[in-house]
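Here's the structure, in C-alpha cells; my notes come after.
Any value given below was found using the heavy atoms of this structure, including those in side chains, with hydrogens, waters and symmetry copies removed. In each ligand, atom 1 is the first atom listed, and ligand 1 is the first ligand listed. Numbering of residues begins at 1 and proceeds along the displayed sequence.
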Amino acid sequence: MSRTEADLAAGLDAGITLPFSWFADPAVFRAEQERIFARTWQYAVPTEWVAEPGEFATCHAGLVPVVVVRDHDGNLNGFVNICRHRATEVAQGRGKRESLQCPYHAWTYGLDGGLRAAPRSDRETGFDRADYCLRRVAIDTWGPMVFVNRDLDAPPLADVLGELPARVAAAGIDFGALHHHSRGEWEVAANWKAIVENYLECYHCPTAHPGFSKLIDVDPDEYQLTSGEWYSSQVGHVREPASGNGGAPYSLDGGSLEAHFHYVWPTFTINVLPGPANMTAFFFVPVDAGRTLTLADSFYADGVSEADIAAMEEFGNQVGLEDQALVESIQRAARSGGLEEGRLLLESEHLIQHFQRLVERALR
Ligand SMILES: [Fe+2]
C-alpha cells in the first residue's frame with residue numbers, strides 16, 4: 001500500500017526513508033524528468049572547453065541533450081541539441097566550428113542557434129527559417145564550470161549555491177588557479193538518487209572505504225556535515241597531519257590538509273582532496289530508473305606533478321569503485337521489492353534526509 005504525502009513527510013522527520021520503489025519505478029523516473037531535471041541547474045562542461053568563439057561542447061540536462069557554444073560576440077549560448085527538423089542530435093562531442101550542422105539532412109544553425117540553411121527549403125511554400133531556431137536553455141557559470149537549465153525563467157545558479165561559494169573561498173580553495181585536466185565517465189547500474197545518497201554520508205566510510213578512512217578522519221566528531229537550502233557540505237581533515245604523510249598515497253607537502261565534499265541539488269558535487277590544489281566536479285546524468293552516468297571533471301593548479309595527479313585520481317577511483325558496488329547492490333534490492341523503506345541514523349545521515357525532503361517536495 002502506498003504511503004500518503006503526509007506519511008512520507010512525517011516519515012522523513014523520523015528518519016524513515018522514501019520508498020525504495022522510487023529508485024526503480026519508471027513512472028517516478030519520468031516524473032523526475034519534468035519536476036526536477038526540466039527546471040534545475042545541471043553541470044555541463046568546463047568553461048575552458050568553450051572559451052573561444054566557435055567552441056562548442058555537448059552535455060545533458062537530465063535526459064535532454066544540450067549543446068553549449070561560444071558565439072562571436074563572446075556570449076555563451078546553450079541550446080537543446082535536437083534538430084528542429086527530425087530530432088537528430090545536431091552537435092556531437094566537442095570542437096570548434098563556425099556553425100552547427102545536423103548530420104542527417106545538413107540543416108545548419110549559427111552559433112546563436114538561428115537556422116541559417118536547410119537544403120531544398122526554398123522549394124517549400126510557407127517555410128520560414130526564423131520559425132526553426134534551436135531551442136534555448138539558460139546558461140550560468142561558477143568559476144571554471146558552466147551550468148545549464150532548461151527553465152529559461154529559473155532563478156540564477158547563485159540562488160541555488162547560496163553560501164557555498166563563500167564557504168569554498170573561505171577554505172582557501174581558489175578556483176581561479178585551477179585548470180581542467182581530464183574527464184572520466186562511468187555508467188553505474190543504479191538510480192541517480194542512490195548515487196547522491198551514497199555521496200551524502202560517510203557513515204559507510206570506515207566499513208567500505210579503508211583507504212579513504214586511513215587518510216581522512218571519519219570519526220563523527222571530526223567530520224562535519226552541514227546543509228543549506230539547496231546544498232550540503234562535508235568537511236574532513238587528514239588523520240595525522242603531524243606525522244609524515246598522513247597515510248596519503250601522494251605528497252601532502254605544502255598542500256591543504258582538508259577534504260571537502262559539497263553537494264548541490266540535484267546532481268552536482270565538488271570534491272577537494274587534501275594535498276596540492278585540486279578540485280573535481282563529480283556529477284550524475286540519469287539514463288533510466290536503474291542506470292546513471294557518473295562523470296568527473298578534474299581540475300588542478302599549474303605545477304601539480306603528473307605523478308601526484310595520477311595518485312590522486314587513483315585514490316578517487318578506488319573510492320568510486322567501492323561505492324559503485326554498494327549502490328548497485330541497493331539498486332538490485334530496490335528493484336526486487338523486498339524492502340519498502342529504510343531507517344536513517346540522523347546523527348550521521350541527516351544530509352540524506354535533507355536530500356529526500358527536496359525530492360519529496362519536488363515530486364509532491
Ligand atoms: Fe562511499
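- Placement of Y43 and V287 within a single hydrophobic cluster is found when ILVMFWY residues are connected by side-chain heavy-atom separations under 4.5 Å, directly or transitively.
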Would you list the atom pairs, donor with acceptor, under 3.5 Å between side chains in residues 68-76 and any protein atom, with sequence neighbours excluded?
residue : atom : partner : partner atom : Å
R70     : NE   : V50     : O            : 2.8
R70     : NH1  : G74     : O            : 2.9
R70     : NH2  : V50     : O            : 3.1
D71     : OD1  : D73     : N            : 2.9
D71     : OD1  : G74     : N            : 3.1
D71     : OD1  : N75     : N            : 2.9
D71     : OD2  : N77     : ND2          : 3.1
H72     : NE2  : E98     : OE1          : 2.7

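- In this structure, P220 has no side-chain contact (heavy atoms from CB on, under 4.5 Å) partners at least two apart in sequence or on a different chain.
- Ring geometry, W230 versus W265: the interplanar angle falls from 30° to 60°, so the pair is classed tilted.
- With sequence neighbours excluded, the residues that form a side-chain contact (heavy atoms from CB on, under 4.5 Å) with D112 are R116.
- Of all protein N/O/S atoms, those under 2.8 Å from the Fe ion (ligand 1) are H204 NE2, H209 NE2, D323 OD1, D323 OD2, and waters are not counted.
- Note: F23 and F20 have perpendicular aromatic rings, judged against thresholds of 30 and 60 degrees for the angle between ring planes.
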